[in-house]
There are 2 protein chains.
Amino acid sequence: MDNFQALFDYVQKLSGQTLSAEEKQVFIEHFKPKKIRKRQYFLQEGDVCKYTGFIVKGAAKTFTVDEKGHEHILKLSIENWWLADFESFYKLTPSRFNIEALEDMEILQITHNLVEEFIKPIPAFSAMQNVLSQNNTIATQKRMQSSISLTGEERFQELVNDYPHFLQRFPQNLIASYLGLTPETLSRIRKNALK
Amino acid sequence: MDNFQALFDYVQKLSGQTLSAEEKQVFIEHFKPKKIRKRQYFLQEGDVCKYTGFIVKGAAKTFTVDEKGHEHILKLSIENWWLADFESFYKLTPSRFNIEALEDMEILQITHNLVEEFIKPIPAFSAMQNVLSQNNTIATQKRMQSSISLTGEERFQELVNDYPHFLQRFPQNLIASYLGLTPETLSRIRKNALK
DNA sequence: AAAATAACTTGATCTTTGTCAAGCCTATTT
DNA sequence: AAATAGGCTTGACAAAGATCAAGTTATTTT
C-alpha cells in the first residue's frame, strides 16, 4: 500500500501527531485507491459528490460552465489536496461544479459516512481537519480580497509569488480562468510585464 | 447577563445540542461584554487581532485601504456573527485588515487562549465550530465563484437574492465596495436594472 | 511522419468599469 | 436655522478587460 504513505505523511504533518499502526490500518481499510485518467470526470454538475479523494498523484480542475459555454475555474488541485465539492459532499445536494482530471491521477477516496464513523475518531485526523480548515479560511479570504481590490495584472503577480509551480504545471488558459480573466487578456498582461 | 442569551441560542442552534447551566456559566466567566461605538475600531491594520467577538447587537465592516486611499470591504458583519480577522487571531500575526463599527455595537469578546482552554472543551461549542466552518467554506466558495464568473450587475442581483437585509441596513457605497465596484458603477447598475 | 488537437499570440473593436468633477439630497450637528 | 458631512446621482472621459477572428506554435494522437 505504497499510496497510503503520502496520506499518512500529510495527516501527521498537518496535525503534528503520529499515527499508530492500528490507526493506519483504519485508513487502509476505508480509503479506496482509485485511478482517474486525464479528461475523466471525478464529479459532474448535477450529481451529488459522494466521495472526497486525497490526491496522491496528478491534478484536477473544479469549474462551472456558463450559458455562453465558457468555463470558470474555481480551483486547481494537485498532490496532497482533497478533491471534492464540499458543499455537495457535506449536504449531499446536487453539485453546481464539475471536477475533471487534468493529468492521470491516483487518489484515495472515501464517503462522508465512513469519514464520520471511522476516520474522524482518529485524533490526528480531526486535528488535521482543524488545521486544514483554518488554512483554507485564510487562503480563501486572501483570494477574495485580491479579487475585489486588485487588477488582473496584480492578481497574476500575486499568483506568481504565492504559487509559482502552478505556472509550470498548468496551461495559461487555465490560469487565466482561475484568475477570472480571458486567455487573451492574460497573454497581453504577460507581454506588458516584460518591459 | 441578558446579552448571553443570544450567544447560547446561537451555539445551541448551530450545534443542535443543549448547554447545561454549568456550561453556560463557563461562557459567562470567560466572555467579556464590550460596547463599541459607531466609527470606533475593533481592529487596526498592523495590530494583532487578540480577540474574537460575538456580535449581540450592531454591525461592522472589515476592510483594507489601498495606496490610493480607497477602501475595499471584505466583510460586512451583523448580529450572530463572529468578529475577527481569523488569520491574525489564529496565528497571532499583524493583521492586514481594519474592523470598524458601522453602528453602536455590543459584543462578547474572548482571547484565543481562553477559547482553547475553556470554551472548546464544551462539546456544543466545538460542534458549532465545525458547522460554522462548513457554512463558511460553502459561502466563501460561492462568493469566489461569483467574483470570477459574474459581471457586477449579476453579483449585485445575487446579493439582492441572498442577503436582501444588507440593502436595507447598509449604505450603497459600502455594498458597492463589498461587491468590488465603485459607488458610481453600482448607482448606474441599479438605474439600468429598473427597465 | 502526418494529422489532429490544444495552447498561445496579435489586431481590431466593443463593453464594462473606473476616475474626476459637479450638483443634489438628507441627516446630523452646532 | 445654518452649517456640515455623508451618501447618491449624473456627465464626460479614460482604462481595463472581453469578444471575435485569424494565424502560429506546440503537443498529442494516429
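To find a chain, count down the sequence lines: A is the first, B the second, and so on, and within it residues start at 1. The shown structure was predicted, so the numbers you read here are calculated from the model rather than taken from an experiment.
Geometrically, B:K24 does not engage B:F4 in a cation-pi contact defined by less than 6.0 Å to the ring centre and at most 45° from the axis. A cation-pi arrangement is present between B:R143 and B:Y178 under the rule of less than 6.0 angstrom and at most 45 degrees off the ring axis.
Following rounding to the nearest Å, A:N192 (CG) and C:dT9 (P) show an atom-to-atom distance of 12 Å. To the nearest angstrom, C1' of C:dG18 lies 9 Å from NE2 of B:H70. Regarding B:L167, its CG atom lies at a distance of 11 Å from the P atom of D:dC8, rounded to whole Å. Rounded to a whole Å, the CD atom of B:E154 is 13 Å from the C1' atom of C:dT15. One interatomic measurement links the two molecules: CD1 of B:I189 to C1' of D:dT10, which rounds to 15 Å at whole-angstrom precision. We find that CG of A:L181 is positioned 11 Å from P of D:dT19, with the value rounded to whole Å. Summarising the geometry, the separation between NZ on A:K68 and P on D:dG17 is reported as 17 Å, rounded to the nearest angstrom. Residue A:L179 contributes atom CG, which lies 13 Å from atom C1' of D:dG17 at whole-angstrom precision.
At the phosphate of C:dC8, OP1 or OP2 sits under 4.0 Å from a side-chain N or O atom of A:N173. A close approach under 4.0 Å does not occur between any side-chain nitrogen or oxygen of A:S187 and OP1 or OP2 of C:dC8. A sub-4.0 Å separation between OP1 or OP2 of D:dT9 and a side-chain N or O of B:Q172 is present. For A:K191, a side-chain nitrogen or oxygen approaches OP1 or OP2 of C:dT10 to under 4.0 Å.
Ring pair B:F54/B:Y10 is tilted by interplanar angle, where 30° to 60° counts as tilted. The aromatic rings of B:W82 and B:F31 lie tilted to each other, with the angle between the two planes from 30° to 60°.
With hydrogens and angles ignored, no donor-acceptor pair closer than 3.5 Å exists between the side chain of A:R190 and the base of C:dT10. In terms of polar N and O atoms assigned as donor or acceptor, the side chain of B:E184 never comes within less than 3.5 Å of the base of D:dC8 in a complementary pairing.
Nearest-nucleotide assignment on DNA chain C puts the 5′-proximal partner with B:L150, out of B:K38 and B:L150. DNA chain D is contacted by both B:R39 and A:R39; B:R39 maps to the nucleotide lying nearer its 5′ end (nearest heavy atom per residue).
Checking D:dG17, D:dT19, C:dG18 against the side-chain heavy atoms of A:R188 singles out D:dT19 as nearest. Each of C:dT17, C:dC8, C:dG11 was ranked by its minimum atom distance to the side chain of A:P171; first place goes to C:dC8.
In terms of modelled atom types and a separation under 3.5 Å, the side chain of B:S177 and the main chain of B:I73 share a donor-acceptor contact.
Within the nucleic acid shown, A:T182 comes within 4.0 Å of at least one base atom, counting heavy atoms only.
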